[in-house]
Amino acid sequence: MTSESKPAHFLQNIIREDLAGGRVSEVVTRFPPEPNGYLHIGHAKSICLNFGLAQEFGGSCNLRFDDTNPAKEEEEYVESIKRDVSWLGFQWAGEAKYTSDYFDQLYDWALHLIKEGKAYVCHLSPEEARAYRGTLTEPGKNSPYRDRSVEENLALFEQMKNGEMKEGECSLRARIDMAAPNINLRDPIIYRIKKMAHHQTGDKWCIYPSYDFAHGQSDAMEGISHSICTLEFEDHRPLYDWFLENLPVPAHPRQYEFARLNLNYTVVSKRKLKQLVDEKHVDGWDDPRMPTLSGMRRRGVPPAAIRNFCEMIGVTRSDSVVDLGMLEYAIRDDLDKNAPRAMCVMDPLKVTLTNYPEGEEENLNAPGHPVREDLPARVLPFTRTLYIEREDFREEANKKYKRLVLGKKVRLRNAYVIHADEVVKDANGEIVELRCSVDRDTLGKDPADGVKPKGVIHWVSAEKNVDCEVRLYDRLFSDPAPDAGDKNFLDFVNPDNLEILSGCKAEIGLANAEPEQSYQFERNGYFCRDSKYGTVEKPVFNRTIGLRDSWAKEQDK
RNA sequence: UGGGGCGUAGCCAAGCGGUAAGGCAGCGGGUUUUGAUCCCGUCAUGCGUAGGUUCGAAUCCUACCGCCCCAGCCA
């Protein structure tokens, strides 16, 4: 720890004290997703927290699929979750675990509660149970089945397990306190009947434990020292503790809650994400505009950027909304340091260098990165005809415009200084070509007259380049809180969230770009080859994020 | 109107009785063959509000206000 390191957050403080005071000898955490959907940026915070804490304190972190509800869960998600956690850069301890691994033990513990008179089979229908539960301000009433004998409960529970009861006909409930102000303590259901195959246990069971009955005991079995979850589970903590106190568990882990991540301009609810996919607002769960980890991966977001972002935003108990700009900063910060540089002209304007011999070609060397000397240099073929960005030329402009102007000079990035001599237009007055002259004595040095061009623009050889398609993504929603209150988030889908450019010309080396390998297209932004679309001859590049653009800001003034 | 939480700058967030860290965004300037990066400067007489305790309060006490979560056989 250096003097300039971040101050510790409350969980780090708690762990430090637990370790120092001997309450725990080793830190064991767990990331417990339900395999019912794809992981998103919100999960990333939890992953980084749980795995990060284990790493920081020399402990370990389990990956545990919280699969107590076969109606909602699928094997497909198990695989995608493993892939995403690994991609983020974390390794779970041993094999991935499943709450369903513990169904036998959980069943025995249910029996234990029954024998202790602390659980009973209740034949109230779901509707009746709701009525008996009371309300937020009124206590509930005891179920008429609450005082069944141990023997009767044992027999009935056996029948439940054997499939002799119908779904919803009855359930096993903990016998706690129907008048408790905390509704979770009003005889919560701990086993329900679901005549349904489970993706891990097949048709072995037709009764399944509830989250509350499964989670703490699973933690205990795994020797979890700190069971970290989000704020909405805070009210469940007394119940978490009640089970651990009333069952012969090997340990009593403690639950701590933190505030989940909220990001403006972003929705992460599974239902809404699914709707975006189903209604074709996006191209799938891994669409680069999606806040899913698979979408961000495809878009070119480096996992380290997500980790740093999670580090930046901190861990607290206050419900807050993080500005998307922070995520964008973290992405740019990582990419600036690590992405090799390249040039790509999005909207090509042909330039002919009238004093450059036809058929001549030379290979110019360009660094792979302005400061990272470990990144390999590249070779740029320079020829008589080139492409520059259409918006990098004006027939006339004031001094603020630092690009190519008719009759003036500009530096071609990593190459020569050129002078714009003449504009060629078509019948409609459209500029179709620029005729320029090149100063061959300007490679790596200023012009002999000592007049240094103010601007530098990117370019690509018109004779040797990669024809490609470029996809420019913008934020998915135009409203900072698209799902706040009673708004319909679909009303705020940003109509300009995707712009597809074709006929873009990238430097030749990009022909071999690999998906997920990020590049900075100089003066433009960060890009990576798409893993889904494009061909060998004509790749598709996704813009991860643009460079900061103070010129655009200046122009808006 | 029951229970559980949370209120420090536009946003995130330190602070734990000794006179408001840091980051993002913003603004101003410098360097620059990327209008990027980098560097420098600037940005809360103020900590939800009102009282009180104290030599001294964001920190302690009291009251009030605002926001979030809970009435699935979901997690």
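The basis for the numbers below is simple: all heavy atoms, side chains too, and nothing from hydrogens, waters or symmetry mates. These figures come from a predicted structure and were not determined experimentally. Every chain is numbered from 1 and lettered A, B, ... according to where its sequence line falls, protein lines coming before strand lines.
Between T68(A) and A75(B) there is a side-chain polar atom (N or O) within less than 4.0 angstrom of OP1 or OP2. OP1 or OP2 of G5(B) has not a single side-chain nitrogen or oxygen of R317(A) nearer than 4.0 Å.
Under the Watson-Crick or G-U wobble criterion, with both distances below 3.5 Å, U34(B) is left unpaired in every strand shown. Within the shown strands, nothing qualifies as a pairing partner of G72(B) under the Watson-Crick or G-U definition with both distances less than 3.5 Å. A 3.5 Å limit on both hydrogen-bonding distances identifies no Watson-Crick or G-U partner for U1(B). Across all strands shown, G66(B) is found opposite C6(B) as a Watson-Crick or G-U wobble partner, with both distances under 3.5 Å. Across all strands shown, U42(B) is found opposite G26(B) as a Watson-Crick or G-U wobble partner, with both distances under 3.5 Å.
When each of A75(B), C12(B), U34(B) is scored by its nearest atom to the side-chain atoms of S320(A), the top-ranked nucleotide is C12(B). The nucleotide whose nearest atom lies closest to any side-chain atom of S210(A) is, among U33(B), G5(B), A75(B), A75(B). When each of G5(B), G35(B), A14(B) is scored by its nearest atom to the side-chain atoms of H9(A), the top-ranked nucleotide is A14(B). Among the nucleotides U34(B), A36(B), C74(B), the one closest to any side-chain atom of E34(A) is C74(B). Between C6(B), C74(B), C12(B), one nucleotide has an atom nearer to the side chain of S318(A) than all others, and that is C6(B).
Straight-line distance between the P atoms of G22(B) and A36(B): roughly 24 Å, to the nearest whole Å. U59(B) and A21(B): their C1' atoms are spaced 16 Å apart (whole Å). For the C1' atom pair drawn from G48(B) and G7(B), the interatomic distance equals 6 Å after rounding to whole Å. Here the separation of C69(B) from U34(B), taken at their C1' atoms, is 48 Å to the nearest Å. Taking the P atoms as reference points, C65(B) lies 15 Å from U49(B), given to the whole Å. The separation of C67(B) from U8(B), taken at their P atoms, amounts to 15 Å, rounded to a whole angstrom. With P as the reference atom, G2(B) and A25(B) are 44 Å apart, rounded to whole Å. Straight-line distance between the P atoms of U54(B) and A14(B): roughly 32 Å, to the nearest whole Å.
Using a 4.0 Å heavy-atom cutoff across all strands shown, A180(A) reaches no nucleic acid atom at all. At the heavy-atom level, Q520(A) lies under 4.0 Å from base atoms of the strands shown. Counting non-hydrogen atoms under 4.0 angstrom, G444(A) reaches a base of the nucleic acid. Counting non-hydrogen atoms under 4.0 angstrom, Y401(A) reaches a base of the nucleic acid. Across all strands shown, K400(A) has heavy atoms under 4.0 Å from base atoms, whether or not it also approaches the sugar-phosphate. Here R413(A) lies in heavy-atom contact (under 4.0 Å) with a base. Across all strands, V371(A) comes closer than 4.0 Å to no nucleic acid atom at all (heavy-atom distances). At the heavy-atom level, N69(A) lies under 4.0 Å from the strands shown only through sugar-phosphate atoms. Among the atoms of the strands shown, base atoms are found under 4.0 Å from some heavy atom of P370(A).
Here salt bridge (charged side-chain N to carboxylate O under 4.0 Å, His left out) pairs that include residues 161-171 of chain A, with residues two or more places apart or in two chains, number zero.
Under the 6.0 Å cut-off for aromatic ring centres, F103(A) and H198(A) qualify, their centroids lying closer than that. F213(A) has its ring centre no less than 6.0 Å from the ring centre of W109(A). Aromatic ring centres of Y240(A) and F233(A): separated by at least 6.0 Å.
Rounded to whole Å, the distance from CH2 on W551(A) to P on A36(B) is 12 Å. For the pair N398(A) CG and G35(B) C1', the interatomic distance rounds to 14 Å; values are reported in whole Å. Taking atom CG of residue D333(A) and atom C1' of nucleotide C38(B), one finds them 12 Å apart after rounding to whole Å. In this structure, R341(A) atom CZ and U32(B) atom C1' are separated by 13 Å, rounded to whole Å. Between D177(A) atom CG and G3(B) atom P the separation is 14 Å, expressed in whole Å. Between the CD atom of E328(A) and the P atom of A36(B) there is a distance of 16 Å, rounded to whole Å. Going from atom CZ of R411(A) over to atom P of A36(B) covers 19 Å, rounded to whole Å. In this entry the distance linking CD of E234(A) with P of G3(B) reads 15 Å, nearest Å.
A donor and an acceptor atom, one from each side chain of R237(A) and N184(A), are nowhere located under 3.5 Å apart. A side-chain N or O of D187(A) and one of Y120(A) form a donor-acceptor pair less than 3.5 Å apart. Checked by atom type, the side-chain pair Q520(A)/E522(A) shows no donor-acceptor distance below 3.5 Å. Q200(A) and E75(A) form a side-chain donor-acceptor contact under 3.5 Å, judged by distance and modelled atom types alone. Neither side chain, H458(A) nor R341(A), offers a donor N or O lying under 3.5 Å from an acceptor on the other.
A residue-by-residue look at T137(A) and L412(A) shows that T137(A) has its nearest nucleotide of RNA chain B further toward the 5' end. For the pair F521(A) and G314(A), nearest-nucleotide mapping onto RNA chain B gives the more 5' position to G314(A).
Residue side chain R523(A) does not reach the base of U34(B) through any donor-acceptor N/O pair under 3.5 Å, judged by distance alone. Judged by atom type and distance alone, R403(A) reaches the base of G35(B) through a side-chain donor-acceptor pair under 3.5 Å.
With a 6.0 Å radius and a threshold of 12 heavy atoms from other residues, nucleotides or ligands, K274(A) has its NZ atom at or below the threshold. Atom CZ of R523(A) has more than 12 heavy atoms from other residues, nucleotides or ligands within 6.0 Å. Heavy atoms from other residues, nucleotides or ligands lying under 6.0 Å from NZ of K408(A) number 12 at most.
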Base contacts versus sugar-phosphate-only contacts with protein, heavy atoms under 4.0 Å: please encode nucleotides 20-25 of chain B as B, S and - from 5' to 3'. -B-BSS

Nucleotide by nucleotide, nucleotides 67-73 of chain B touches protein heavy atoms under 4.0 Å in the pattern (B base, S sugar-phosphate only, - none) -SBBBSB

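Partner of D219(A) under the salt bridge (Lys or Arg N to Asp or Glu O under 4.0 Å) criterion, out of R254(A), R64(A), K97(A): R64(A) alone.
Residue side chain Y211(A) fails the stacking definition with respect to A75(B), as its ring centre and the base's six-membered ring centre are not both under 5.5 angstrom apart and under 30 degrees in plane angle.
Not one N or O on the side chain of D336(A) forms a donor-acceptor pair closer than 3.5 Å with the backbone of R332(A).
A syn orientation is assigned to G72(B), its glycosidic angle lying within 90° of 0.
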